[in-house]
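Have a look at the structure below, then the notes.
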Amino acid sequence: MKYAIFYFSPCGGTKSVADIISKELGDAPMQELTTPSMNTAIDHDTLTFFCFPVYGGRIPKPMYDRMKIISGDKTPCVPVAVFGNRAVDDALLEMSELAEKCGFVTVAGCEMVAPHSIDPQFGAGRPDASDKAKLHEFLEKLKAAESFSPVKMPGDPGYAKKKSAALPLYPVASKECIGCGICEKYCPAGAIKGKHMRTVPTKCISCMRCVSMCSTESRKVPAPMRLAAHLTLKKLCSERKEPKFYL
Ligand SMILES: Cc1cc2nc3c(=O)[nH]c(=O)nc-3n(C[C@H](O)[C@H](O)[C@H](O)COP(=O)(O)O)c2cc1C
Ligand code: SF4
Ligand code: SF4
């Protein structure tokens, strides 16, 4: 069996899970989708992993654009939802349906915890040894499988009609900004514009990549919104959540 791994990872948590999967599968090739990537066709003998973060119980909006360049040929796939120790909600089902529109067949799925990119004290140190051992067991089963059958992912089929309760978390540049342009170049949503590195709220997906990449620490979500997010996440993300596997 050949393997391929695609990942969308603004802050690196999803990549850390994709890296583990790649190693476990004998350094399986990885392609990043965080910023636009090249067209890729995957044959039906390649078990393909789509690793993505969970945003508000859904997939990140740019995934719709990124998936346009990937085509399968009834190719077996495994959506891998990486979440910040709250919940995955409908994200696996949404990713599975999107992949199926691109020529893939969902044959397994998994949920892994990584640090919450809005407030990384939640989910800190994940995936840990226990998470990795469970992921290893799941991948061993996939490696040993002689054939694959379609598997339904969990989630509410009416997810598209649900209202989002997302907080408006839009980073802004302070006067310490040196105008290096790194945040603008690597923003997955093309939401940073002009010489003052302003954020366009209608485009920003609040992924926090620009905050984590800024070497002068001059990009931040304004303090009142950061505090509001912290208090909300404290209620929802403090209790440990476990990885889940569907096969
Ligand atoms: C806008 C936004 C919404 C999020 N929503 C959820 C969520 O619904 N459930 C959850 O458990 N984690 C949520 N997270 C946390 C991310 O899923 C988690 O931190 C993930 O590892 C981020 O991936 P990355 O480090 O590759 O960017 C959210 C993060 C962001 C930025
Ligand atoms: S990465 Fe930081 S310093 Fe560089 S342009 Fe963006 S905000 Fe300014
Ligand atoms: S401007 Fe918004 S979308 Fe762009 S990197 Fe920053 S948080 Fe992410």
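No hydrogens, no waters, no symmetry mates; every other heavy atom, side chains included, goes into these values. Order of listing sets the numbers, starting from 1, for every ligand and every atom in it.
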Could you tell me the residue and atom name of the protein heavy atom closest to atom 26 (O) of ligand 1, and the distance to it rounded to 0.1 Å? Ser9 OG, 2.6 Å
For Lys241, does its backbone N or O pair with a side-chain atom of Asn85 as donor and acceptor, under 3.5 Å? yes
If Ile, Leu, Val, Met, Phe, Trp and Tyr residues are connected whenever their side-chain heavy atoms lie under 4.5 Å apart, and connections chain through other members, are Val78 and Phe6 in the same group? no
Identity and separation of the nearest protein heavy atom to atom 25 (O) of ligand 1: Gly13 N, 2.7 Å
of all protein heavy atoms, closest to atom 8 (Fe) of ligand 2 is Cys177 SG, 2.3 Å
Using side-chain heavy atoms (C-beta onward) and a distance below 4.5 Å, is Tyr3 in contact with Ser22? no
Ignoring hydrogens and angles, tell me if any N or O in the side chain of Thr75 forms a donor-acceptor pair with the backbone of Asp43 under 3.5 Å. yes
heavy-atom search around atom 6 (Fe) of ligand 2 in the protein gives Cys183 SG, 2.3 Å
With heavy atoms of Ile178 as the reference, note each atom of ligand 2 found under 4.0 Å away. 3 (S), 8 (Fe)
Could a heavy atom of Val113 be found less than 4.0 Å from some atom of ligand 1? no
With a 4.5 Å cut-off on side-chain heavy atoms, are Ile21 and Leu135 touching? yes
Quick check against the 3.5 Å criterion: does Thr34 have a side-chain atom that pairs as donor or acceptor with the backbone of Ser9? yes
Is there a side-chain hydrogen bond (donor to acceptor under 3.5 Å, both in side chains) between Ser37 and Glu32? Walk through the geometry before answering. CA-CA 7 Å; Ser37 188; Glu32 180 161 19; over 6 Å; no
Ignoring hydrogens and angles, tell me if any N or O in the side chain of Ser238 forms a donor-acceptor pair with the backbone of Lys235 under 3.5 Å. no
Any nitrogen or oxygen of Ala87 lying under 3.5 Å from a nitrogen or oxygen in ligand 1? Just yes or no. yes
Per atom 19 (O) of ligand 1, closest listed option by heavy atom (Pro115, Pro53, Ser16): Pro115
Does only the side chain of Cys237 get under 4.0 Å from ligand 1, or the backbone, or both, or neither? Count heavy atoms. neither
Honestly, for Pro10 the part within reach of ligand 3 (heavy atoms, under 4.0 Å) is neither
Output the list of atoms in ligand 1 that are nearer than 4.0 Å to some heavy atom of Val82, sorted by atom number. 17 (O), 20 (C), 21 (O)
In ligand 3, which numbered atoms sit nearer than 4.0 Å to a non-hydrogen atom of Pro171? 7 (S)
Contacting atoms of ligand 2, where contact means under 4.0 angstrom from a heavy atom of Ser218: 2 (Fe), 3 (S), 7 (S)
Is the shortest distance from a Lys or Arg side-chain nitrogen in Lys162 or Asp90 to a carboxylate oxygen in the other one below 4.0 Å? yes
For ligand 1, which part of Asp89 has a heavy atom less than 4.0 Å away: the side chain, the backbone, both, or neither? neither
Need the ligand 1 atom indices (1-based, order shown) with element for anything under 4.0 Å from a heavy-atom of Asn85. 11 (O)
Nearest to atom 10 (C) of ligand 1, what protein heavy atom do you find, and at what distance? Gly84 N, 3.4 Å
Against heavy atoms of Ile192, which atoms of ligand 3 measure under 4.0 Å? 1 (S)
Could you tell me whether any N, O or S atom belonging to Cys187 is less than 2.8 Å from atom 4 (Fe) of ligand 3? yes
Tell me the protein heavy atom at minimum distance from atom 31 (C) of ligand 1, and give that distance in Å. Ser206 O, 3.1 Å
Linking I/L/V/M/F/W/Y whenever their side-chain heavy atoms sit closer than 4.5 Å, directly or via other members, would Met112 and Tyr7 fall into one cluster? yes
Indicate yes or no: does an N/O atom of Thr14 lie under 3.5 Å from an N/O atom of ligand 1? yes
Is the contact between Lys203 and ligand 3 made by the side chain, the backbone, both, or neither, using heavy atoms and a 4.0 Å cut-off? neither
Looking only at protein heavy atoms, which one is nearest to atom 4 (Fe) of ligand 2, and what is the separation? Cys180 SG, 2.3 Å
Identify whether Val80 and Leu92 are in the same connected component of the hydrophobic contact network (ILVMFWY, side-chain heavy atoms under 4.5 Å). no
Straight-line distance of Cys210 SG to Glu184 CD, nearest 0.5 Å: 11.5 Å
Backbone of Pro171 reached by a side-chain donor or acceptor of Thr199 within 3.5 Å: yes
Among protein heavy atoms, which lies nearest atom 28 (C) of ligand 1, and at what distance? Val54 O, 3.2 Å
min-distance protein heavy atom vs atom 5 (S) of ligand 2 -> Gly181 N, 3.2 Å
Atoms in ligand 1 flagged as close to Ala114, the criterion being non-hydrogen separation under 4.0 Å: 21 (O)
Which residue supplies the protein heavy atom nearest to atom 27 (O) of ligand 1, what is that atom called, and how far is it? Cys11 N, 2.8 Å
4.0 Å heavy-atom contact, His116 with ligand 1: yes
Backbone or side-chain N/O/S of Cys207 under 2.8 Å of atom 2 (Fe) of ligand 3: no
For Lys2, does the NZ atom sit with more than 12 other heavy atoms under 6.0 Å from it, leaving out its own atoms? yes
Run the numbers for me: atoms of ligand 3, each under 4.0 Å from some heavy atom of Pro188, listed by number. 5 (S)
Identify the protein heavy atom lying closest to atom 5 (N) of ligand 1, giving its residue, its atom name and the separation to 0.1 Å. Gly56 N, 2.8 Å
For Cys183 and Met197, which heavy atoms make the closest approach, and how far apart are they? SG-SD, 4.0 Å
Between Glu24 (side chain) and Lys132 (backbone), is there a donor-acceptor pair under 3.5 Å? no
Are Tyr55 and Leu169 co-members of a hydrophobic cluster defined by side-chain heavy atoms under 4.5 Å apart? no
What residue and atom, counting heavy atoms only, is the protein's closest point to atom 7 (S) of ligand 2, and at what distance? Arg219 CG, 3.3 Å
Protein heavy-atom partner closest to atom 11 (O) of ligand 1 - residue, atom, separation in Å: Arg86 N, 2.9 Å
Around atom 2 (Fe) of ligand 2, find the nearest protein heavy atom and jot down its residue, atom name and distance. Cys214 SG, 2.3 Å
Pick whichever of Ile118, Ile205, Val200, Thr199 has a heavy atom sitting closest to atom 3 (S) of ligand 3. Ile205
Can you name the atoms of ligand 1, numbered from 1 with element, that are less than 4.0 Å from a heavy atom of Ile205? 1 (C)
Can you tell whether the side chains of Glu242 and Arg240 come within less than 4.0 Å, N to carboxylate O? yes
Can you tell me if Arg58 uses its side chain to pair, donor with acceptor, with the backbone of Glu94 under 3.5 Å? no
